[in-house]
Amino acid sequence: MLLLLMGAAILRVSLFSDICLRYVKEGLQPFLIASGLVLVGCALAGALPQGLRFIRRRESTGSVPAVAAPGPDGHEHAHVPGIAWLLAAPALVLLMFAPPALGSYTAARDSPKVVEDYDHFKRLPAQGPVPLSLTEFTARVQQDRAKSLQGRTVVMSGFVTPGKGGRWDLTRLLVACCAADSQSLTVPMHGFPAPPADTWVKVTGTWHPSGALGTASAAPALDVRSLERIPQPLSPYKDQPPAP
């Protein structure tokens with residue numbers, strides 16, 4: 001029963017929905033599906049022989065057989081200890097209530113993500129707002145010697161992490177494997193009141209001048225011109241530009 005519950009819970013969040021992307025990277029979803037199928041298979045493989053033996057004994061005796069025969073010490077050893085059923089709790093949680101993805105509480109206490117050096121930057125479109133991930137925006141602000149963001153309007157998306165004194169950050173949580181190793185990537189927002197914590201938003205604005213653009217002294221921050229609330233993306237730990 002425990003194997004069946006756990007297998008069903010894993011399949012519920014990985015095969016019959018994409019809830020598992022709240023906890024692991026996209027590439028691990030097939031492995032979760034395989035794990036759920038294996039657990040369900042093991043549960044059925046263990047239950048089927050017991051069921052067949054139960055039927056045969058009932059047919060031969062004409063009565064319902066005992067669940068377990070007493071051992072040498074007079075105790076029935078086939079019974080599962082009651083405390084073992086606590087192992088069903090995680091499975092029942094996943095079946096009935098799937099915890100949400102990590103958000104601002106984690107970001108405020110998480111390790112900051114260090115943006116690696118870019119070898120080169122692609123040429124930006126000549127006109128119009130430029131959709132950027134938080135990673136690329138930070139890299140262009142601090143590493144692009146050509147100062148491609150000078151005077152350009154950019155569009156980014158993420159969730160809201162409140163700060164002190166009314167300040168707030170646009171945030172993404174990035175993972176190497178699963179939510180347990182998450183690191184936060186934040187860009188401070190200026191000129192717009194803070195939406196509620198954990199709200200997913202798409203912001204449009206220009207780089208907030210602080211330090212020398214294109215050098216490590218430049219602070220990745222944005223002067224917000226407009227803001228739009230958006231639903232949480234399917235893969236919340238995947239930092240990518242917002243859809244047009």
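This one's a predicted model, so the numbers in the text were calculated from it and none came from an experiment.
- For R167, the salt bridge (Lys or Arg N to Asp or Glu O under 4.0 Å) test picks out D169, with sequence neighbours left out.
- The two residues L222 and G205 make their nearest non-hydrogen contact at CD1-C, 3.8 Å.
- Shown here for A84 and L2, the closest heavy-atom pair between the two residues is O-CD1, 3.8 Å.
- Applying the salt bridge (Lys or Arg N to Asp or Glu O under 4.0 Å) test to every pair with at least one member in residues 148-166, sequence neighbours left out, gives no pairs at all.
- Here the side chain of Y23 pairs no donor or acceptor atom with the backbone of A101 at under 3.5 angstrom.
- Distance check: M6 CE to L92 CG gives 9.0 Å after rounding to the nearest 0.5 Å.
- Pairs passing the ring-ring contact (aromatic ring centres under 6.0 Å, His included) check and including a residue from residues 125-171, sequence neighbours excluded, read F159-W200.
- For the atom pair CZ of R109 and OG1 of T161, the computed distance is 10.5 Å after rounding to the nearest 0.5 Å.
- A distance-only check finds no donor-acceptor pair linking the side chain of T186 to the backbone of T171 [under 3.5 Å].
- For A212, the side chain to side chain contact (heavy atoms under 4.5 Å, CB included) partners two or more places apart in sequence, or in a different chain, are T215, S217.
- Under the rule for a salt bridge (Lys or Arg N to Asp or Glu O under 4.0 Å), the partners of D144 that lie at least two apart in sequence or sit in another chain are R140.
- To the nearest 0.5 Å, atom CG of residue L173 and atom OG of residue S104 are 9.0 Å apart.
- Closest heavy-atom contact between S182 and T106: OG-CG2, 3.9 Å.
- Partners of A9 under the side chain to side chain contact (heavy atoms under 4.5 Å, CB included) rule, at least two apart in sequence or in another chain, are A91, L94, L95.
- Other residues, nucleotides and ligands contribute only 12 or fewer heavy atoms inside 6.0 Å of the NZ atom of K147.
- When every heavy atom of D181 is checked against every heavy atom of A176, the shortest pair comes out as OD1-N, 3.1 Å.
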Would you be so kind as to tabulate the donor-acceptor pairs closer than 3.5 Å made by side chains of residues 29-44, with sequence neighbours excluded?
residue, atom, partner, partner atom, Å
Q29, NE2, S14, O, 2.7
Q29, NE2, D18, OD1, 3.0
S35, OG, F31, O, 2.8

Listing, residues 224-235 side-chain donor-acceptor contacts under 3.5 Å, not counting sequence neighbours, or none:
residue, atom, partner, partner atom, Å
R225, NH1, T153, OG1, 3.3

When the side chains of residues 116-134 are checked against the rest of the protein, which donor-acceptor pairs come out under 3.5 Å, sequence neighbours left out?
residue, atom, partner, partner atom, Å
S133, OG, E136, N, 3.1

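- To the nearest 0.5 Å, atom CE of residue M156 and atom CZ of residue R172 are 10.5 Å apart.
- In this view, T138 satisfies the side chain to side chain donor-acceptor pair (under 3.5 Å) rule with no residue, not counting sequence neighbours.
- Closest heavy-atom contact between L102 and A179: CD1-O, 3.4 Å.
- The OG atom of S17 lies 6.0 Å from the CZ atom of R12; values are rounded to the nearest 0.5 Å.
- With rounding to the nearest 0.5 Å, the separation of CD1 in I19 from CD1 in I10 is 13.5 Å.
- Minimum interatomic distance between P236 and L21 (heavy atoms only, all atoms of both residues): CD-O, 3.7 Å.
- Remark: K238 pairs with E26 by the salt bridge (Lys or Arg N to Asp or Glu O under 4.0 Å) rule, at least two apart or across chains.
- In this structure T206 satisfies the side chain to side chain donor-acceptor pair (under 3.5 Å) test with no other residue, sequence neighbours excluded.
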query = Are D223 and H208 close enough, and set up right, to give a side chain to side chain donor-acceptor pair (under 3.5 Å), and what steps lead you there?
reply = CA-CA 5 Å; D223 284 326; H208 178 78; 2.7 Å; yes
